[in-house]
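Shown next, in structure tokens, is the structure this report addresses.
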Amino acid sequence: MGITIGELVTDPILRTSIQAGQEGSGRSINWAHACELAAPWEWLGQGDLLMTNGFAVPVDRDEQAAFVERLDAAGLSGIAIGQDLHAPPVHQAMLETADRLGFPILYTAYDVPFAALSRAVVVANRREDEKQLQRMVRVYDRVRVAAIDGHDTGALIGHLADEIDSDLHVVTPEGTGIFAASPPLEAPLRTALGAELSHRQKAPPAVLRLTTGGHTALVVPVPSGRDALLIAEPRGAAAPSLGLLQHVATIVALEVEKLTAEREQQRRLGSELLTQILDAKIDGSVAAEQLRRHGVQPQDLCVAALERDTPPERSDLHVRLAERAVPHVLLRRGETLLVLFNSDPPLVDALVDEAGPDVFLGLSDPVAGPARVPDAAREAQWALRAARSDGSRVGRYGENREPFLPRTIGEAGMVVERILGPLLAYDRDHNAELVHSLDVFLRANRSWQRAVEGLYVHKQTLVYRMKRVEELTGRRLDDTGDVAELWLALQALKLIGWPEPVVAAARSRGA
């Protein structure tokens with residue numbers, strides 16, 4: 001136990017007296033710290049003595065009373081105000097509140113430096129500091145033992161919780177647990193966390209205190225690349241010191257970084273696996289076994305295709321899906337993100353929720369086995385295009401409400417064969433680029449200049465190609481109806497799979 005308020009004020013050299021809250025003179029002081037911030041309880045911990053020249057003290061009568069209540073709720077041992085400095089007049093309401101709570105308000109003489117109070121606390125608490133150091137040593141020894149014995153993260157956090165006699169939660173700012181083994185955050189505490197963070201534009205302070213059901217939980221930031229918070233719910237009356245809790249947060253940060261690296265490796269392996277499945281470069285039984293290793297059951301698969309108008313600089317969808325316990329593999333191709341997962345409705349709902357409100361999403365029909373995944377990917381992209389065309393956020397294969405587009409891949413195939421079949425055959429037999437040239441020409445709104453710049457060809461070459469298009473399709477490029485048919489057929493072709501020779505030609509020219 002450290003030096004008490006009563007013991008501190010008996011030192012004549014410190015010239016400090018109790019002005020209110022006399023009943024709290026037995027409060028122990030762990031540390032004395034000067035702070036002039038408006039919310040000092042966000043930076044000081046259990047048993048700390050706040051020292052202020054008065055800048056931190058509110059002017060308003062009711063705010064002064066609330067100020068004392070917040071300091072007391074945070075577990076501070078008291079407040080020492082420098083006399084004749086910058087403090088506003090102390091209202092009677094502030095003194096009465098301190099008396100009611102037994103929260104000491106001290107006055108320190110003008111010519112006594114706060115460093116003298118700090119030094120007195122340090123000297124008196126040296127033995128207590130040694131005990132605190134021993135606890136920190138035990139905390140880090142837990143890490144050493146865990147590393148040697150190969151304990152998982154859940155076991156390590158459990159040991160740390162026992163060491164500081166508090167239930168620990170490692171969560172995102174939204175309250176979602178980061179580690180699967182971490183105990184879930186109960187609804188009242190999660191609500192209190194959301195309410196506290198909702199009005200803050202900056203990162204959380206050194207410590208937040210959430211009070212629910214008469215109990216107070218301490219929240220400290222986890223210093224990792226992933227936004228994370230450590231929440232400690234004391235099991236007894238005494239809360240862990242802020243310093244000790246920050247040491248635990250540092251240990252947790254290492255575990256968060258370790259988990260982030262593991263998830264990134266899983267993402268890369270999953271992307272490689274999905275590429276092999278889509279390109280039919282892996283045996284079905286091998287693919288099924290590897291999907292099981294990712295937690296995805298191969299007999300009931302679904303593909304989702306996601307796009308947003310402005311691609312994010314960094315996507316963490318795989319992290320958020322992992323935190324929601326949604327087994328998956330994903331792959332980005334161009335501007336489209338493909339996600340392969342099981343088609344259970346709760347998993348689908350979780351994916352739609354985590355994708356975000358600014359994302360268009362298409363869902364395939366369920367398929368059985370990896371061999372059907374390429375078809376499911378085309379279905380998902382078809383549903384995505386349909387969702388974009390009718391302005392809905394989520395589209396499901398076969399539910400296209402756009403009257404001018406085919407509803408299914410089968411219908412799209414018939415449209416492509418009827419309208420573009422001759423061009424596809426010509427390109428295949430002559431290694432030509434009529435389909436690609438037509439697509440660029442129409443995307444350029446039939447501007448010869450912009451089209452030749454996109455194709456890197458002479459204008460006469462493009463004129464010749466468009467004449468061949470008209471000859472082979474029987475449609476004219478100066479007829480609005482014919483142009484509309486060609487345009488819609490090109491969109492259907494992109495959805496069901498652009499022929500490889502045309503893809504290669506387009507990519508080689510940077511299209």
Side-chain angles (χ1 to χ4, degrees), residues 1-10 14 16-83 87-108 114 117-118 121 124-125 128 166 188 192 195-196 205-219 232-242 245:
M1 181 176 177
I3 185 176
T4 65
I5 293 287
E7 292 169 342
L8 184 73
V9 299
T10 59
L14 300 179
T16 297
S17 59
I18 300 179
Q19 299 300 308
Q22 181 71 42
E23 290 185 3
S25 60
R27 293 195 180 199
S28 177
I29 306 173
N30 296 331
W31 187 258
H33 188 81
C35 180
E36 304 296 347
L37 297 174
W41 48 82
E42 294 183 346
W43 306 97
L44 301 182
Q46 182 81 21
D48 287 344
L49 173 66
L50 168 63
M51 301 182 297
T52 175
N53 286 324
F55 292 110
V57 179
V59 175
D60 180 77
R61 172 183 180 277
D62 293 336
E63 290 182 359
Q64 285 187 356
F67 182 73
V68 170
E69 291 176 343
R70 294 297 298 270
L71 294 175
D72 179 67
L76 272 71
S77 60
I79 177 174
I81 302 174
Q83 285 185 289
V90 175
H91 293 280
Q92 187 63 28
M94 181 175 180
L95 300 176
E96 291 175 354
T97 301
D99 286 334
R100 175 173 56 85
L101 298 174
F103 182 83
I105 295 179
L106 313 179
Y107 282 178
T108 299
F114 283 152
L117 271 70
S118 297
V121 171
N125 290 352
E128 190 66 26
S166 301
E196 184 65 39
V207 61
L208 284 175
R209 291 172 175 83
L210 307 177
T211 301
T212 58
H215 300 285
T216 299
L218 304 180
V219 184
E233 295 184 87
R235 295 170 181 169
S241 70
L242 178 57
L245 201 55

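None of these values were measured; they are calculated from a predicted model. These values consider heavy atoms only, across backbone and side chains, with no hydrogens, waters or symmetry-generated copies.
- Glu196 pairs by the side-chain hydrogen bond (donor to acceptor under 3.5 Å, both in side chains) definition with Arg200, not counting sequence neighbours.
- Counting heavy atoms from C-beta outward, Leu218 and Arg209 have side chains that approach closer than 4.5 Å.
- With sequence neighbours excluded, the residues that form a side-chain hydrogen bond (donor to acceptor under 3.5 Å, both in side chains) with Ser17 are Gln19.
- Considering only heavy atoms from C-beta on, Ser25 comes within 4.5 Å of Ile18 through its side chain.
- Here the closest non-hydrogen pair linking Phe114 and Ala34 is CD1-CB, 4.3 Å.
- Contact of the Leu8 side chain with the Leu49 side chain is registered, since non-hydrogen atoms from C-beta on lie closer than 4.5 Å.
- Looking at residues two or more places apart in sequence or on another chain, you find no side chain to side chain contact (heavy atoms under 4.5 Å, CB included) involving Ala73.
- Shown here for Ile3 and Ala124, the closest heavy-atom pair between the two residues is CB-CB, 3.6 Å.
- Contact check for Ile29 versus Ile5: side-chain heavy atoms found under the 4.5 Å cut-off.
- The minimum heavy-atom distance between Thr212 and Pro188, with the atom names listed, is CG2-O, 3.7 Å.
- By the side chain to side chain contact (heavy atoms under 4.5 Å, CB included) test, Ala232 is found to be paired with Ser166, Leu168, Leu245, residues two or more places apart in sequence or in another chain being considered.
- Pairs passing the ring-ring contact (aromatic ring centres under 6.0 Å, His included) check and including a residue from residues 57-79, sequence neighbours excluded, read Trp41-Phe67.
- The side chain to side chain contact (heavy atoms under 4.5 Å, CB included) check on Ser118 picks up Ala32, Met51, with sequence neighbours excluded.
- Closest approach of Leu71 and Pro40 over heavy atoms only: CD2-CG, 3.9 Å.
- Listed by chain and number, the residues in a side chain to side chain contact (heavy atoms under 4.5 Å, CB included) with Thr52 are Glu36, Ala56, Val57, Ile79, Ile81 (sequence neighbours excluded).
- Pairs passing the side chain to side chain donor-acceptor pair (under 3.5 Å) check and including a residue from residues 55-79, sequence neighbours excluded, read Arg27-Asp72, Glu69-Arg100.
- Residues meeting the side-chain hydrogen bond (donor to acceptor under 3.5 Å, both in side chains) test with Glu233, sequence neighbours left out: His169.
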Contacts under 3.5 angstrom, residues 87-99 side chains, donor-acceptor by atom type, not counting sequence neighbours:
unit_1 : atom_1 : unit_2 : atom_2 : d
His91  : NE2    : Val59  : O      : 3.2
Thr97  : OG1    : Ala93  : O      : 2.7
Asp99  : OD1    : Gly21  : N      : 2.7

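- A distance of 6.5 Å separates CG of Asp48 from CG of Asn30, quoted to the nearest 0.5 Å.
- Side-chain contact between Glu42 and Leu208 is present, with heavy atoms from C-beta onward closer than 4.5 Å.
- Residue Leu50 holds its CG atom at 6.0 Å from CG of Leu44, rounded to the nearest 0.5 Å.
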